[in-house]
Amino acid sequence: EISFPGGQVEDGESPYDAAIREFSEEMACGPDQVNIITKLDTYVLPARGLIHCFLAEIDKNFKLDIRNDEVESLFTVPIRYFLDNEPLVLKNTVRIEPSKDFPYEEMNIPKSYYWGSFKYPISFYKIGETVIWGITANIVNSFSKKLI
């Protein structure tokens, strides 16, 4: 799986502070080596909750040779690739289903009630044998569109 550094926002922590903490932990650098430039989009994911995205610059002395329990390897892709190449975008259908113990009868709600569904885009970039897909590709695609 290819993804950006990230994780849970802890109690009493802002998404901004969580972004710096998670990046520092996963990338084995000090918080002083991360300078957040701006907040980007916030994504609502059907199965994962909220993802808060930030654009940051990293200290020029940062080393890209990190391996730890959370990072198997790192690689870079020139931003030009994403500016010049549209991703393949497919749409998954997400259906809302109530729990088995939903109180239809007690609350006088018909069992035929339509809970709805929605289409959720899944993007794919193929770079040689590497595939960047899902929320990571959606984030990259959205960001690259902001640069045009």
Side-chain angles (χ1 to χ4, degrees), residues 1-103 109 113-148:
E1 181 179 354
I2 294 172
S3 65
F4 292 113
Q8 298 294 319
V9 176
E10 295 178 356
D11 288 339
E13 185 177 50
S14 70
Y16 178 97
D17 292 333
I20 293 173
R21 177 184 51 75
E22 287 288 348
F23 185 90
S24 299
E25 289 173 4
E26 293 181 26
M27 306 308 288
C29 70
D32 57 324
Q33 290 183 282
V34 182
N35 177 35
I36 291 183
I37 297 169
T38 190
K39 183 163 186 349
L40 296 171
D41 299 323
T42 298
Y43 292 84
V44 178
L45 300 180
R48 294 191 175 174
L50 296 175
I51 293 182
H52 303 275
C53 298
F54 294 88
L55 176 64
E57 63 182 353
I58 308 307
D59 185 280
K60 65 181 177 178
N61 297 318
F62 177 73
K63 303 274 189 263
L64 283 176
D65 58 354
I66 295 157
R67 292 180 196 277
N68 57 41
D69 290 346
E70 296 188 59
V71 179
E72 182 179 307
S73 64
L74 295 173
F75 67 95
T76 60
V77 178
I79 193 69
R80 173 60 45 204
Y81 176 86
F82 301 107
L83 294 172
D84 293 343
N85 295 279
E86 286 290 321
L88 168 65
V89 179
L90 302 175
K91 300 210 179 206
N92 282 351
T93 300
V94 178
R95 287 186 176 76
I96 301 167
E97 292 183 15
S99 63
K100 292 183 193 285
D101 61 349
F102 190 83
I109 297 170
Y113 183 80
Y114 176 67
W115 292 94
S117 66
F118 60 94
K119 299 286 187 187
Y120 185 79
I122 306 292
S123 300
F124 300 84
Y125 289 99
K126 187 159 187 182
I127 307 164
E129 294 301 310
T130 301
V131 177
I132 300 173
W133 69 283
I135 189 61
T136 303
N138 287 358
I139 292 167
V140 169
N141 187 32
S142 176
F143 176 71
S144 65
K145 299 275 188 270
K146 289 175 177 26
L147 298 176
I148 298 174

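- The closest side-chain heavy-atom distance from Q33 to M27 is not below 4.5 Å.
- Rounded to the nearest 0.5 angstrom, L74 CG and F62 CZ are separated by 6.5 Å.
- A 4.5 Å side-chain heavy-atom check between I109 and F102 finds at least one atom pair inside the cut-off.
- Contact between F4 and V140 at its shortest, heavy atoms only, is CZ-CG2, 3.6 Å.
- Taking all atoms of both residues into account, the shortest heavy-atom contact from S99 to D101 is OG-OD1, 2.6 Å.
- Between T136 and I139 the shortest side-chain heavy-atom distance does not fall below 4.5 Å.
- Side-chain contact between L88 and K126 is absent, with no heavy atoms from C-beta onward closer than 4.5 Å.
- Minimum interatomic distance between Q8 and A18 (heavy atoms only, all atoms of both residues): O-CB, 4.2 Å.
- Classified by interplanar angle (parallel below 30°, tilted 30° to 60°, perpendicular above 60°), the ring pair F82/Y125 is perpendicular.
- Between L55 and K146 the shortest side-chain heavy-atom distance does not fall below 4.5 Å.
- Contact record, A137 with S123: CB-O, 3.4 Å, taken as the closest heavy-atom pair.
- Side-chain contact check for I132 versus F75: some heavy-atom pair is nearer than 4.5 Å.
- Counting only heavy atoms from C-beta outward, the side chains of Y43 and S142 approach each other to under 4.5 Å.
- Annotation: the span from E13 atom CD to R21 atom CZ amounts to 4.0 Å, rounded to 0.5 Å.
- Two residues are said to be in side-chain contact when any heavy atoms from C-beta on lie closer than 4.5 Å; F54 and I20 fail this criterion.
- Between E10 atom CD and E22 atom CD the span is 7.0 Å, to the nearest 0.5 Å.
- Taking CD from E26 and CG from D69, the interatomic distance works out to 11.0 Å, rounded to the nearest 0.5 Å.
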Worked check of side chain to side chain contact (heavy atoms under 4.5 Å, CB included) between I122 and V89
CA-CA 6 Å; I122 306 292; V89 179; over 6 Å; no
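- Put simply, CH2 on W133 and CG on L90 are 11.5 Å apart, with the number rounded to the nearest 0.5 Å.
- Atom CD1 of I135 and atom CG of N141 lie 11.0 Å apart (nearest 0.5 Å).
- Judged by distance alone, the side chain of N35 and the main-chain N or O of E57 form no donor-acceptor pair under 3.5 Å.
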